[in-house]
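Throughout, a chain's letter reflects where its sequence line sits, starting with A, and its residues are numbered from 1.
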Amino acid sequence: MLSYLIRRLILVLPVAFGVSVICFMLVQIAPGDPLTAIMPIDATAEEQAAMRAAYGLDKPLAVQYAIWIGNLAQGDMGKSIATGRPVAAEVFGAVNNSLLLAASAAVIAFPIGVFLGFLAGYFRDTWIDRAVTAASITGVSLPNYWLGIVLVIIFSVNLGWLPSMGAGPGGSQAWVWNWEHMRHLILPAVTLSVVPIGIVARTVRALAGDILTQDFVQALYAKGMTRMDVLWHVARNAAATALSVMGLQLGYLLGGSILIETVFNWPGSGFLLSNAIFQRDLPLLQGTILVLALLFVAMNLIVDVAQAAIDPRIQRT
Amino acid sequence: MTGKLVDIRNLSVRFKGKRTVHAINDVSLSMEQGETLALLGESGSGKSVTLKTLLGLLPPKRSEIDGSIHVNGVDVLSLRGKALAKYRGGEVSMVFQEPALALDPVFTVGHQIAESVRRHKGVSRDEAMSVALDMLDRVRIPSANRRLHNYPHELSGGMRQRVMIALALACRPRLLLADEPTTALDATVQIQILLLLRELQKEFGMGVIFVTHDIGVAVEISERVAVMYAGQIFEEGTTREIIREGRHPYTQGLLAANLHDVEQGQRLNAIPGAPPALESKPDGCSFAPRCPKALPECTAGLPPMLMPAPRRRVACIRAGEPVVAE
Ligand SMILES: Nc1ncnc2c1ncn2[C@@H]1O[C@H](COP(=O)(O)OP(=O)(O)OP(=O)(O)O)[C@@H](O)[C@H]1O
Ligand SMILES: [Mg+2]
């Protein structure tokens, strides 16, 4: 197991390198000159050159990359062109908020999805199965920003029960574990959880249904196992695959919530990303994408290792 | 020990669904304690369904069962819930055709044996594991101590079948159901498994119902043979009686088709035609369309059951005729 872990870690290095190169190149390929956004229109050529030198944009690409990586290693991701604040601080604050939102959505989605999926798989081809399947297809196909808006209309505008904007009272950016802040989390987290509920339910349904038709289930009954024993065996068989699907979902939740964060004004990475794009704030964009991509890579690594740890059929050596 | 081990009376099993299947039709069968019986028949003749019915494994919603089954005096068809779970694997257990599919891939074989022992004997985890270890030894798995912690996919086919047998016998059942336990294995391994089963049967003294479509295997393992066709028992007797003077034309066909000492390359005398569809209950002899000796009367009504000797029966109009040497 340890050697497997080490090998997987080593395999991650080239991926991380690739990710960093792509993020770096992103700025180079992006059309337009990032400086135009912050320079006065009538800036002279000298002023432009000075600015270029100040941001290190006059050096050869490889050198720029080396400097960029060197700075990264020290936690320096440059300064936001729009605000002038360090990118690292902006990104980590936002990623923190996104993690919180994603984790909350996952905490809602995964147990419900697993439960519904199991139910549908166990009672396959009954009305329970059909109801769960219909619900999960609906959940997956509803545009979640639309659902977010509907929830806001119902629970914020009409009923006035929950706030609709921001991550805390008065646009507070710093998260605190209290009811005032958690109230802000409920609507976006619920909205965000709908798609993963559907996906996890459908996956688990297929898994459980498939496992239940395998011969060993009958063999379990034949040796006197009860229904609960059999369900435990089914769960253990489904665990590895279900876990990897959930891991990937968590990855998507982290980066894929741009629309939700925009609808709810949630100060997370998606929100930051859309701001960076619209303001052509390339250092910020670069830093956000890099951190999200690396998080995704790490997520995959964790999923793979966890899967290998619980499924004996996966080669561990 | 008194009383019959198995007493099946007028058992009929019908599967409902898109298509009705009369899988078992009026089967009666009895076994004494410690007897070995081979259930012989072509694919689809209802052998597996018979075993599953004995274990109460048929899907309750889709199957309709008539008749009665008693195992050691227990009315099997009325068992439910805890009593049924106690009976399965405790009183009667089963070895399946495909050991690769019948074992749970994500648990160690030791765990799977121990799990059953714990359920039935209520012993601790450690004690159950030591029973499992002892069983692996008894089925002659080398370095059993290590194998105990292997997953099924880490074992060979023959080894897995040994594990299945260890699992089935761990709680000392009085009856072992073996559903073509050697069909999925290589020829050399098949023989080893057969020999093992025969030895263990002597050692533990349990009764065995051994399902096979291979007369050669039936001869190897069993004292008695029941020949099944289209969900009925066509002929029953000691293995010797069946081999020497199988009277039913179907039995004779099987014997001809399975002769092991035919010359290489010579075409086996397989029975032409295919078994009947089981959509309706048979009202004549089910074998008549394929039977070389069929008479017009054969399809007119169910064949009479001829009983030439105690525990010997043949369901054929012409079974009374003297056997002609062929
Ligand atoms: N669950 C079920 N639902 C519907 N029909 C079934 C079911 N199980 C078995 N049958 C039908 O019952 C008949 C007897 O099947 P069975 O499995 O007992 O045959 P078998 O003698 O064991 O053959 P084989 O040598 O192929 O294993 C077949 O026609 C089969 O299609
Ligand atoms: Mg069968």
So what's closer than 4.5 Å to chain A heavy atoms on L55(B): side chain, backbone, both or neither?
side chain
Under 4.5 Å from any heavy atom of chain A, what part of L84(B) do you find: side chain, backbone, both or neither?
neither
Quick one: do R119(B) and D229(A) satisfy salt bridge (charged side-chain N to carboxylate O under 4.0 Å, His left out)? Show the steps, please.
CA-CA 10 Å; R119(B) 265 276 167 262; D229(A) 296 323; 2.6 Å; yes
Rounding to 0.5 Å, atoms CG (N237(A)) and CZ (F107(B)) come to a distance of 7.0 Å
Residue pair A102(B) / A219(A): nearest heavy atoms and the distance that separates them:
O-CB, 3.3 Å
Highest number of heavy-atom pairs under 4.5 Å with chain A: which of K82(B), E98(B), R88(B)?
R88(B)
Check: H233(A)/E115(B) side-chain N/O donor and acceptor closer than 3.5 Å:
yes
Part of K52(B) within contact of chain A (heavy atom distance under 4.5 Å)
side chain
Go through it in stages, so that I can follow the logic: the residues are D104(B) and F216(A), the test is side chain to side chain contact (heavy atoms under 4.5 Å, CB included), and I'd like the CA-CA distance, side-chain angles, deciding distance and then a yes or no.
CA-CA 6 Å; D104(B) 185 333; F216(A) 78 79; 3.5 Å; yes
Return yes when atom CZ of R147(B) has more than 12 non-hydrogen atoms of other residues, nucleotides or ligands closer than 6.0 Å, and no otherwise.
yes
Does atom CZ of F15(B) have more than 12 heavy-atom neighbours, drawn from other residues, nucleotides or ligands, at distances under 6.0 Å?
yes
Within the side chain of K223(A), is there an N or O that forms a donor-acceptor pair under 3.5 Å with the backbone of Q112(B)?
yes
Reported OG1-to-NZ distance for the pair T126(A) and K61(B), which is rounded to 0.5 angstrom
8.0 Å
Does the pair L57(B) and Y221(A) meet the rule for a side chain to side chain contact (heavy atoms under 4.5 Å, CB included), with working shown?
CA-CA 8 Å; L57(B) 281 177; Y221(A) 283 119; 3.7 Å; yes
Heavy atoms under 4.5 Å from chain B: which residues of residues 296-304 of chain A carry them?
none
So with a 6.0 Å cut-off around CZ of R140(B), is the heavy-atom count from everything else above 12?
yes
Can you confirm whether more than 12 heavy atoms, excluding those of K86(B), are under 6.0 Å from its NZ atom?
no
Heavy-atom distances under 4.5 Å only: say whether I211(A) touches chain B with side chain, backbone, both or neither.
neither
From Q218(A) atom CD to L58(B) atom CG, the distance as rounded to the nearest 0.5 Å:
8.0 Å
